[in-house]
Amino acid sequence: MIDQQTALRGSAAVSSMGPRTGRFLVLTVVFVCAACGLVYELELVAMATYLIGDSVTQASVVLSVMVFAMGIGSLLAKRLRGRAVVCFGLLEAVLALTGGASALVLYASFAWLGESRHVLVAFSLAIGVLIGAEIPLLMTLIQRVDRQDAGGAVADLFAADYVGALVGGLAFPFLLLPTMGQLTGALVTGAVNAAAGGALVLWVFRGDLDPRSRRLLLVVDTVVVAALATATFLVDDFERSARRAVYGEDVRVAVRTEVQEVVLTGAGHGPLGLYLDGRLRVSSDDGHRFHEALVHPAMAGRHGRVLVLGGGDGLAAREVLRYPDVESVVVVERDAQLTRLARRDPALSALNGHAYDDPRLTAVARDAFGWLRAGDRRFDVVISDLPAPGISDSTKLYSAEFYGLVAGSLAPGGRLVVHAGPPGTGAGDFWTVEASVRAGGLATRPYRVGDRPAGGPGGPGGPARPEYGGGEPPGRGFVLAARRREAGRLRLGPRAPEPMSLDERGLLEAGRAAERSRPGTVPPSTLVHPRY
């Protein structure tokens with residue numbers, strides 16, 4: 001219970017503005033703090049998904065830890081109600097600094113320490129405790145400005161809190177991310193949080209503060225806002241340094257599109273590398289092996305009309321366009337800026353054989369699922385060159401419903417090929433994808449290829465590839481599919497408990513078939529090199 005003297009001091013503090021005005025101002029701050037708190041939560045989930053992957057797991061960890069921590073914070077706040085004004089002002093300053101800097105510290109731990117999971121849990125716990133302590137303190141403050149019954153105060157408080165959470169949840173994806181990005185958005189949110197909390201205690205409840213407490217809160221809020229403003233000013237330099245720590249010194253292009261972060265390295269000083277949301281997507285060292293193994297087996301048959309789902313880098317289209325009897329290629333890539341980069345960047349466009357300059361190719365900036373659902377075209381070959389199935393953002397593109405749509409887009413005798421992740425023991429993603437393709441109404445022939453040429457540099461006995469962390473790489477797994485009544489057209493042999501190995505000879509034969517009458521403007525396929 002609030003003692004009578006404290007209540008009288010609180011009433012005197014707001015007597016000049018009236019209880020209704022005081023209550024409105026408190027509820028406004030509740031609204032702002034709730035919006036900021038939800039932005040912190042979403043920021044942690046988004047940054048963890050970008051750095052670690054698997055958005056379902058990261059969201060579960062962040063939200064469950066934060067809800068648990070909020071309960072702890074509410075219990076701890078019981079001891080602070082005697083000095084609710086000072087404690088709330090300090091709490092908001094600490095919360096603003098912690099939440100505002102959370103994304104930046106997470107990124108720094110990933111870039112320089114190589115690990116961010118423990119930092120993620122620590123920030124989720126700290127922010128949850130601070131958010132949980134807000135409500136009991138705000139409950140105390142709102143009863144000081146307007147002595148309404150407890151039920152009415154709780155209703156007003158939670159109404160403002162929930163509406164603020166709605167606004168914060170919508171502002172994060174539609175305002176903060178597109179206009180500011182993850183790091184700057186979190187820092188600006190922290191500054192707003194500190195300003196709102198400081199204004200409440202230093203203005204509305206100024207009569208509750210002695211001169212020493214007032215100076216303390218003023219200094220703390222000023223330092224927090226100044227620190228967040230300085231970090232906002234330096235965030236571009238920080239991002240450049242962090243990218244160099246992650247990708248090396250030869251970062252040429254780094255852009256945050258509406259879909260993902262795209263980083264292009266090398267070309268001139270080293271092998272070209274294309275990273276999407278921190279994951280290596282293309283390497284000029286050996287990226288040809290992946291795309292040749294993906295494309296050529298599916299092209300053994302009619303291939304006049306080809307659909308590439310994903311593949312905005314243009315490398316799958318490059319392999320398709322080696323066949324002179326291909327009439328049309330449609331590339332459906334939702335990130336239009338990635339497609340633009342693949343068309344205009346000199347190094348990447350050279351690597352993809354200037355595929356986007358070929359008049360047979362049409363690029364469509366759409367989500368593959370929605371485009372297939374809305375379209376009625378039929379294709380001889382469908383190539384699914386999508387992000388790895390383990391990345392949760394692409395889950396629907398590896399579902400039975402998606403493959404049902406693909407099956408409906410196949411012309412008679414048409415074939416589908418899917419990159420399904422690494423095969424082998426414990427390869428849950430690979431066999432889940434294979435089962436999903438079958439559930440979509442297609443017969444399947446899984447196959448695999450190794451990541452390194454036998455006996456060559458980086459092969460058995462050679463240096464380990466850094467992206468595998470040493471040791472033997474897991475290989476690449478694919479699923480070739482056709483309608484069940486046409487399963488005999490699949491040429492990789494009968495379905496077996498393990499995926500068939502597509503050896504060097506099989507790929508060489510496929511590559512030579514494309515080479516025999518290739519257009520002179522397309523570079524020779526690397527498949528015909530003596531050592532694959």
Side-chain angles (χ1 to χ4, degrees), residues 22-47 62 66 70 73 85-107 123-124 126-135 137-138 141-142 157-206 217-236 238:
R23 182 177 63 182
F24 172 78
L25 294 174
V26 172
L27 292 177
T28 300
V29 172
V30 172
F31 169 87
V32 173
C33 291
C36 294
L38 197 63
V39 168
Y40 300 147
E41 293 182 35
L42 296 175
E43 184 64 54
L44 286 176
V45 172
M47 183 58 72
V62 170
M66 290 191 74
M70 287 168 65
V85 175
V86 175
C87 290
F88 179 77
L90 293 175
L91 181 145
E92 288 305 304
V94 174
L95 176 59
L97 185 61
T98 305
S102 59
L104 189 142
V105 175
L106 268 175
Y107 195 17
F123 270 106
S124 300
I127 293 174
V129 169
L130 295 169
I131 291 176
E134 284 180 324
I135 296 299
L137 296 178
L138 286 166
L141 296 181
I142 198 170
L157 199 65
F158 279 100
D161 187 75
Y162 294 150
V163 174
L166 170 67
V167 172
L170 294 176
F172 178 72
F174 297 115
L175 177 63
L176 295 179
L177 277 184
T179 60
M180 301 181 187
Q182 289 181 319
L183 301 184
T184 303
L187 292 167
V188 170
T189 300
V192 171
N193 194 168
L200 180 68
V201 297
L202 291 172
W203 178 36
V204 178
F205 292 97
R206 59 187 180 276
L217 289 173
L218 186 60
V219 169
V220 169
D221 283 332
T222 301
V223 169
V224 168
V225 172
L228 293 172
T230 302
T232 302
F233 180 74
L234 298 175
V235 73
D236 289 340
F238 167 82

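Each residue takes its place number in the sequence, starting with 1.
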Please name all residues satisfying side-chain contact (heavy atoms from CB on, under 4.5 Å) with V62, sequence neighbours left out, ordered by chain then number. L44, V45, M66, L120, S124
For a quick test of reading the model, state the closest non-hydrogen atom pair linking V29 to A196 and the distance between them. CG2-O, 3.9 Å
I need the minimum non-hydrogen distance between L176 and G185, along with the two atoms involved. CD1-O, 4.4 Å
Tell me, yes or no, whether the heavy-atom count around F24 atom CZ, taken from other residues, nucleotides or ligands under 6.0 Å, exceeds 12. no
Determine whether I127 and E41 satisfy the following criterion, side-chain contact (heavy atoms from CB on, under 4.5 Å), listing intermediate values before the conclusion. CA-CA 8 Å; I127 293 174; E41 293 182 35; 5.6 Å; no
As an exercise, state the distance from CG of D161 to CG of L166, rounded to the nearest 0.5 Å. 11.5 Å
Measure the spacing between CG of L187 and CG of L97 and express it to the nearest 0.5 Å. 9.5 Å
Which heavy atom in A186 sits nearest to a heavy atom in A103, and how many Å separate them? CB-CB, 4.2 Å
Test side-chain contact (heavy atoms from CB on, under 4.5 Å) on L95 and E134; report intermediate values, then the result. CA-CA 10 Å; L95 176 59; E134 284 180 324; 3.3 Å; yes
Could you report the tightest heavy-atom contact between L228 and A96, atom names first, then the distance? CD1-O, 4.0 Å
Separation between SG of C33 and CG of L38, rounded to the nearest 0.5 Å: 13.0 Å
Nearest 0.5 angstrom please: L177 CG to L42 CG, how far? 9.0 Å
Taking atom OH of Y40 and atom CG of N193, what is their separation to the nearest 0.5 Å? 3.5 Å
Going through the checks in order, is the side-chain contact (heavy atoms from CB on, under 4.5 Å) test met by M47 and L183? CA-CA 9 Å; M47 183 58 72; L183 301 184; 3.7 Å; yes
Can you pull out every side chain to side chain donor-acceptor pair (under 3.5 Å) where at least one residue sits in residues 218-232? Sequence neighbours excluded, please. none
Could you tell me which non-hydrogen atom of L91 sits nearest to which non-hydrogen atom of A133, and how far apart they are? CD1-CB, 3.3 Å
A side-chain contact here means heavy atoms from C-beta on lying under 4.5 Å apart; do S102 and L106 qualify? no
Between CD of E92 and CG of L217, what distance do you get to the nearest 0.5 Å? 11.5 Å
Testing the basics here: between F205 and L141, what is the closest heavy-atom pair and its distance to 0.1 Å? CZ-O, 3.6 Å
